[in-house]
Amino acid sequence: MNPFQNAQKQLKTAATILNLDSDVLEILKKPKRILQASIPVKMDDGSLKVFEGYRVQYNDARGPFKGGIRFHPQVNLAEVKALAFWMAVKCATVGIPMGGGKGGVIVKPQVLSTGELERLSRGYINAFVNFIGPKVDIPAPDVYTTPQIMAWMMDEYSKIKGKNTPGVITGKPLNVGGSLGRDTATAQGGFYVLDELVKKLKLNPKNTKVIIQGFGNAGSNMADIMFHAGYKIIGYSDSKTAILDIKGKGFDSHTIEKIKKKKGYVDICDCHKIKCSCKDHKHMTNEQLLQQKCDILVLAALENVVTQNNAGKLKTKIIVELANGPTTPEADVKLYKKGIHVLPDVLANAGGVTVSYFEWVQNLQNNYWTKKEVFTKLQKIMIESFNSVWELSQKHKVDLRTASFLLAVDRIADAIKQRGI
Ligand code: GLU
């Protein structure tokens with residue numbers, strides 16, 4: 001099943017429990033607008049390459065469309081549609097006044113030069129300039145898109161419009177209207193909700209073993225926050241490598257970060273070399289890592305990693321979804337039966353878009369907050385949202401994802417009805 005089919009299934013489950021108005025359901029089954037563009041880019045060698053780009057504007061009943069832009073070779077329309085829908089659900093779950101949208105470009109950004117990447121980023125804005133704006137649709141970073149890319153995009157939009165418009169995009173560097181705390185917000189928000197669950201389950205961080213799949217922005221920051229909170233990180237991975245600690249010492253997030261900076265990937269010992277330097281750690285596949293015994297499994301890579309094929313084999317108590325859509329609906333059923341608590345993407349990674357919303361508010365007011373203000377506000381939103389979701393899950397005897405959808409879909413449905421269909 002593709003991610004959009006998964007998203008539809010999740011919607012249907014919530015709609016049935018909510019006894020959702022059939023007109024609202026029809027509206028929510030499809031995005032409001034799908035945009036697709038060919039983006040020509042002059043390459044450094046003088047040749048021209050045309051990239052395929054998307055922007056899906058799913059629902060704006062609760063506020064302007066909001067969601068990141070992904071640069072990845074596997075981007076496709078079904079994926080962008082699902083991600084745009086999940087953004088609408090995410091914003092509604094945490095109660096920020098934004099709708100849902102998402103963008104993507106089919107590209108392997110690692111093989112582009114800085115100049116090519118800049119031209120592609122500017123080209124993306126050129127293609128969709130008439131459909132975005134601070135009160136219309138506000139993009140942000142996602143997989144393989146960085147603050148620098150956001151700066152180019154904001155600059156391009158501002159140039160075309162002839163006025164400085166920082167509020168058109170979030171996740172910008174600090175000097176061009178970014179918000180303090182945005183860089184670590186996804187992980188920080190995930191940590192706040194995890195902390196609530198850990199307290200409910202009476203786990204002690206010191207005795208709690210963690211495996212982290214994915215070491216991009218969300219995964220690496222989560223590793224750092226959890227390491228400093230005293231959790232034991234016993235395994236981690238990126239797209240190239242997966243490593244398990246076999247001596248029970250746990251990994252230090254700073255060491256992994258240092259290696260990543262040096263090598264470009266997170267392998268702390270080089271076993272592809274003839275003589276393996278690895279004594280305390282074991283290399284394995286990403287799939288094997290997921291199935292190792294731990295207490296908390298953080299999913300911070302891509303979608304569809306926990307499926308009906310491996311859900312039964314997971315040996316964890318908690319799953320934290322910092323990635324979007326890592327667990328399929330079939331897997332959710334199995335995990336719930338096994339008593340594994342899944343902190344779903346639409347709640348667990350909502351810290352990113354929440355601080356994006358703060359950034360947008362600051363841009364519109366041209367008034368900037370301290371990091372403490374940002375995180376105090378973020379913490380309050382994340383804890384309140386967790387508690388609302390938890391209560392709904394207890395009341396309806398459903399998993400935390402279904403509970404988030406109940407909360408969010410109800411809020412979106414209200415907005416649709418109050419505005420008038
Ligand atoms: N790409 C992030 C997400 O999936 C952030 C979106 C945003 O900040 O608008 O939630």
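Order of listing sets the numbers, starting from 1, for every ligand and every atom in it.
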In chain-and-number order, ligand 1 lies under 4.0 Å from a heavy atom of each of Lys66, Gly67, Gly68, Met87, Lys90, Lys102, Ala140, Pro141, Asp142, Arg182, Asn324, Gly352, Val353, Ser356
Among pairs that include at least one residue of residues 412-421, which meet side-chain hydrogen bond (donor to acceptor under 3.5 Å, both in side chains), considering only residues two or more places apart or in two chains? none
How are the rings of Tyr231 and Phe191 set to each other: parallel, tilted or perpendicular (split at 30° and 60°)? perpendicular
Please state whether the rings of His228 and His254 are parallel, tilted or perpendicular, taking 30° and 60° as the class boundaries. perpendicular
Between Phe251 and His281, how do the two ring planes meet: parallel, tilted or perpendicular, split at 30° and 60°? tilted
Hey, what's the ring geometry for Tyr58 with Phe85, parallel, tilted or perpendicular (30° and 60° as the breaks)? tilted
Decide whether Gln74 and Glu79 meet the rule of one side-chain donor and one side-chain acceptor closer than 3.5 Å. no
